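Below: the structure, in C-alpha cells.
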Amino acid sequence: MKALTLYNTRTRSKEVFEPATPGVVGMYTCGPTVYAPQHLGNLRSQLFADLLKRTFLYEGYKVTHVINITDVGHLTDDADAGDDKMEAAAKTSGQTAQEVAALYTKQWADDRERVGCLPPEFLPRATEHITEQIELAQKLEQGGYTYLTSDGLYFDTAKFPGYSDFAGLDLEAQQSAGRVAEVDEKRNPADFALWKVAPEGVKRQQEWDSPWGRGFPGWHLECSAMSVKYLGENFDVHTGGIDHVSVHHTNEVAQSECGLGVHPWVRYWLHNEFLSLDKEKMSKSKGHVFVLDGLVEMGFAPLSYRYFFLQAHYRQQQRYSQEAMEAADTGYKRLCRQVIEVRDAPGEPDAEKLAPFQARFRDALHDDLNAPRAVAVAWDVAKNKELSAAGKRALFLEFDAVLGLDFANVELPEETQESDPRIDALVQARQEARAGKDFTESDRIRDELLAEGIVIDDTPEGPRWRRE
RNA sequence: GGUGGCGUAGCCAAGUGGUUAGGCAAGGGCCUGCAAAGCCCCGAACCCCGGUUCGAAUCCGGGCGCCACCUCCA
C-alpha cells in the first residue's frame, strides 16, 4: 500500500502527506464571494475540496475544515481599483449588501449539499472578522511591511524577498508586458491593499473604523486572518482554484509569513484546474452563467454532476458538454442500479475477496486523489462475478464514504405516472386490443398517441405512458 | 512578454517503458407480439517528425495545434 501522496503547489511536486499533528488535519478552502450565483466551475472547487476531506476522513484523520464566505472587500476591477463586488451587487439589486450575501450564501450552501459535499466545521464570514483582519494588518505595519497611500494601507512586496517564489513569478517580465495597470501611488504593481479607506464623502453600506481611517479590508486579508484564527498560525492544507495561485494565494502567503513570522505558513497547497464550457472558460464576467439548477432543469440529478466531476482528475481541465454530462448521468444511474441490486443483500462479506478491491481503491486515491481510477474500481466491483452480493454491498458502501454518491440511500425515481382520463382510456383500449392479439389496432393507438408526443412503455407492471 | 498544462479510439477520460483503465455512444444478443426500459457481449487508440531503448502513448529534441493563469474569476 502506497502512502497518501498529494501534489503540493508550493513545492511543485507530489509529496507524501503528513500532517503537523499525527492523526489531525486542518484544512482551509477558499470559498465564494457571495455577490452572485455560483456556477458549475465554482462547484468543482468545492467538490475537489470535499474529495480531499473525505479522503482524509477515510484514512482515519480527524479533519477541521474551514471555508470562508467573502462578503466584503473583493473588488470588481484589477488589483486595487474598481468597486467592491458586494456594494456593486447591492446597488444593482436594490437590496442591502447583507441581504445579497445571505441569499447567495444560502444558494451556495444548498448547491454544495445537493452534490454531496460535507459541511465545513467552520464557515467564517469576512464581515464578522474585521477585528482579526485589522490586527494582522497592524502586525504587518509594525513589522515595516506596509506603506500608506491616499486610499489605504498597502503591503510592500519589495519587503518580502520570497514574494515571487510561491507562484514562480517573473515580476520583471510581467511588468514589461504592461498588462498590469499601474496604480499611481503603488510602489510596485504587485503591491496590494490591506485596508482601503473609503473616499471622502462616499458612504458605503459596509465600512468600519480602523487605525488608517474608516473603510474596509482588502480581499486577501480575510483568508489569512480567518484561517489562522480557526486552524492556528501553521496549518496543513489550503485549497482553491488554480487561478488563485499567482495573486490571491501569493498575497496570502506574503502577508501571513511576514505578519506571523512563520515559514512555511501552510504545509500543503492544493489547487484544482478549471472546468471549461465549450472551450470557453466559465466565468461570471463573460456571461456564461451555468449553475446547478440549470442541470436540474434539464433533468439531471445533482449527484450526476458529482459523478461527472469524479470522472476527471482534479488537476486536469475538464471539458463540460451536454453529451459528456449525459454520459455521466447515464453512467451514474447504471452504477446506482448495480448498487441497489445488492444493497439489501444478507450475509457477511468475505474479507479476503474484498481486500484486492480495497487496495486498488486506496491506491488510486493515494496517487494524488485519482478519482477516475477509484470510480473504475467501483465499476469493477459492479461487474465482478466472483464477489458475493454481500461483498459488493460492503465495498460499495465503503467506497461511498469517499465518492459521496449516496449509495446507501439513493433511489432511482420511478417515471412519474401522469393521469389523464382521455389518454388513460386510450392506453386501456390498447391493452384490450393486445389481449385480443389485435396488434394492428394496438399499434395504431400507440402511433396515435405518439403523434401528440406521448410514448407508451410496456413494463412488467403494465403499460406506462409519458410525454416526450 | 512571462508561467503552467494539454493533444489517447464517435464523445468524456485514466494511464509516465513491456500486462484489458473506466464510463457514454455505436454495433450484436437476451427480453418484448413489436418497441421502450433493463441486462449481457463487444472497441489492439495514443497530433506530426526525429532520437534513446531489445521494447515508447509513456523518456529526450524539434514542429504543429489547443487551453489556462499573469486582470474580477474556482
Side-chain angles (χ1 to χ4, degrees), chain A residues 9 12 29-33 35-36 38-49 74-79 81-83 85 88 167-181 189-190 219 239-248 250 271-276 279-286 307-308 310-313 315-335 337-338 341 360 364 367 370-380 382-383 415 434 437-440 442-443 446 450 455-460 463-464 466:
Chain A
T9 304
R12 306 277 159 139
T29 295
C30 276
T33 302
Y35 70 104
Q38 296 285 301
H39 54 64
L40 294 174
N42 295 307
L43 208 46
R44 188 180 192 209
S45 284
Q46 295 299 317
L47 283 163
F48 154 61
H74 199 162
L75 303 179
T76 56
D77 218 88
D78 64 19
D83 295 326
K85 287 181 175 177
L169 302 176
D170 182 343
L171 295 173
E172 295 297 322
Q174 286 186 13
Q175 285 171 47
S176 66
R179 295 199 60 194
V180 179
W219 172 44
T239 77
I242 192 147
D243 56 313
H244 280 158
V245 174
S246 53
V247 176
H248 184 48
T250 288
H271 294 94
N272 63 280
E273 255 293 356
F274 271 28
L275 178 74
S276 64
K279 294 186 175 178
E280 275 189 71
K281 186 174 62 173
M282 255 200 302
S283 71
K284 286 173 276 245
S285 47
K286 284 192 180 170
Y307 183 88
F308 174 83
L310 291 170
Q311 284 189 308
H313 187 94
R315 278 199 298 125
Q316 218 57 53
Q317 288 174 22
Q318 184 173 22
R319 283 177 281 193
Y320 178 88
S321 68
Q322 179 84 9
E323 194 181 2
M325 185 62 219
E326 275 165 12
D329 187 58
T330 304
Y332 174 55
K333 283 178 185 157
R334 249 176 224 169
L335 186 56
R337 218 166 263 124
Q338 302 279 335
E341 190 71 23
R360 285 175 53 212
D367 184 12
N370 195 321
R373 261 167 60 201
V375 171
V377 175
W379 273 104
D380 285 347
K383 296 285 175 69
E415 297 287 336
R434 291 179 73 208
K437 303 264 186 221
D438 184 355
F439 298 121
T440 309
S442 69
D443 287 345
R446 173 146 69 189
L450 191 60
V455 180
I456 299 175
D457 297 328
D458 292 320
T459 76
R464 312 178 66 89
R466 60 190 160 88

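Only a predicted model underlies this, so the values are computations on that prediction, with no experimental measurement involved. Letters go in sequence order (proteins before strands), and every chain restarts at 1.
In terms of position along RNA chain B, the nucleotide closest to A:D380 lies nearer the 5' end than the nucleotide closest to the other residue of the pair A:V247 and A:D380. Projected onto RNA chain B by closest heavy-atom contact, A:W219 and A:G331 fall at different nucleotides, the more 5' of which corresponds to A:G331.
B:A13 makes up no base pair with any nucleotide shown, lacking Watson-Crick or G-U wobble contacts both under 3.5 Å. For B:G65, the paired nucleotide is B:C6, the pair qualifying as Watson-Crick or G-U wobble because both relevant distances are below 3.5 Å. Of the nucleotides present, none pairs with B:G43 by Watson-Crick or G-U wobble criteria with both distances under 3.5 Å. Pairing partner, B:U19: none, since no Watson-Crick or wobble contact has both distances short of 3.5 Å. Nucleotide B:C31 is matched to nothing when pairs are restricted to Watson-Crick or G-U wobble geometry with both distances under 3.5 angstrom. Nucleotide B:G1 is matched to B:C70 when pairs are restricted to Watson-Crick or G-U wobble geometry with both distances under 3.5 angstrom.
Within the model, atoms CG of A:D457 and CZ of A:R464 stand 8.5 Å from one another, a figure rounded to the nearest 0.5 Å. Distance check, rounded to the nearest 0.5 Å: CD of A:Q316 to CG of A:L275 gives 13.0 Å. Expressed to the nearest 0.5 Å, how far OH of A:Y332 lies from CD of A:Q311 amounts to 12.5 Å.
Nucleotides B:G10 and B:C6, compared at atom P, are 22 Å apart to the nearest Å. For the P atoms, the distance from B:G7 to B:C46 is 14 Å, rounded to whole Å. For the P atoms, the distance from B:G28 to B:C49 is 35 Å, rounded to whole Å. For the C1' atoms, the distance from B:C69 to B:U19 is 39 Å, rounded to whole Å. Taking the P atoms as reference points, B:C42 lies 15 Å from B:G29, given to the whole Å. The separation of B:C12 from B:A26, taken at their C1' atoms, amounts to 15 Å, rounded to a whole angstrom. Annotation: B:C11 and B:C47 have their P atoms spaced 13 Å apart (nearest Å). A gap of 15 Å separates the P atoms of B:A14 and B:G5, to the nearest Å.
Shown here for A:T33 and A:Q38, the closest heavy-atom pair between the two residues is O-NE2, 3.6 Å. Scanning both residues, A:A167 and A:S246, for their nearest heavy atoms gives CB-CA, 3.7 Å. The shortest heavy-atom contact between A:R44 and A:F274 is NH1-O, 3.0 Å.
Distance from the side chain of A:P372 is smallest to B:A14 among B:C11, B:G23, B:A14. The listed nucleotides are B:C12, B:A74, B:G23; the one nearest the side chain of A:N272 is B:A74.
Atom NE2 in A:H244 sits roughly 6 Å away from atom P in B:A74 (whole-Å rounding). Counting to the nearest Å, the P atom of B:G22 and the CH2 atom of A:W379 are 12 Å from each other. Summarising the geometry, the separation between CG on A:L310 and C1' on B:A13 is reported as 13 Å, rounded to the nearest angstrom. Between the CG atom of A:L40 and the C1' atom of B:A74 there is a distance of 12 Å, given to the nearest Å. Computed from coordinates, the A:R315 CZ to B:A14 C1' distance equals 14 Å when rounded to whole Å. If you take NZ of A:K333 and P of B:C24, they are 13 Å apart, rounded to a whole angstrom. Nucleotide B:C70 holds its P atom 7 Å from the CG atom of A:D243, rounded to whole Å. As rounded to whole Å, 7 Å separates atom C1' of B:G4 from atom CD1 of A:I242.
At a threshold of 4.0 angstrom between heavy atoms, the contacts of A:E326 with the nucleic acid are absent. Residue contacts for A:Q46: at a heavy-atom cut-off of 4.0 Å it reaches no nucleic acid atom on any strand shown. Here A:N370 lies in heavy-atom contact (under 4.0 Å) with sugar-phosphate atoms only. Contacts of A:H271 with the nucleic acid, taken as non-hydrogen atoms under 4.0 Å apart, are absent.
In this structure, A:F274 does not pack face-to-face on the six-membered ring of B:A68, missing the 5.5 Å centre cutoff or the 30° plane limit.
In terms of phosphate contacts, A:R12 brings no side-chain nitrogen or oxygen within less than 4.0 Å of OP1 or OP2 of B:G4. The shortest distance between the side-chain N/O atoms of A:R373 and the OP1/OP2 oxygens of B:A21 is not below 4.0 Å.
In this pair, A:F308 and A:Y320 present their aromatic rings perpendicular. The plane angle is above 60°, beyond the 30 to 60° band.
Counting only distance, with no hydrogens or angles, the side chain of A:D367 and the backbone of A:N370 share no donor-acceptor pair below 3.5 Å. Between the side chain of A:T250 and the backbone N or O of A:V245 there is at least one donor-acceptor pair closer than 3.5 Å.
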Let's go through A:R446 and A:D458 carefully: what are the C-alpha distance in whole Å and the side-chain angles of both, what is the deciding distance for side-chain contact (heavy atoms from CB on, under 4.5 Å) to 0.1 Å, and is it a yes or a no?
CA-CA 11 Å; A:R446 173 146 69 189; A:D458 292 320; 4.3 Å; yes

Can you give one letter per nucleotide of nucleotides 30-41 of chain B, going 5' to 3': B for a protein heavy atom under 4.0 Å from the base, S for sugar-phosphate only, - for none?
---BBBB-SSSS

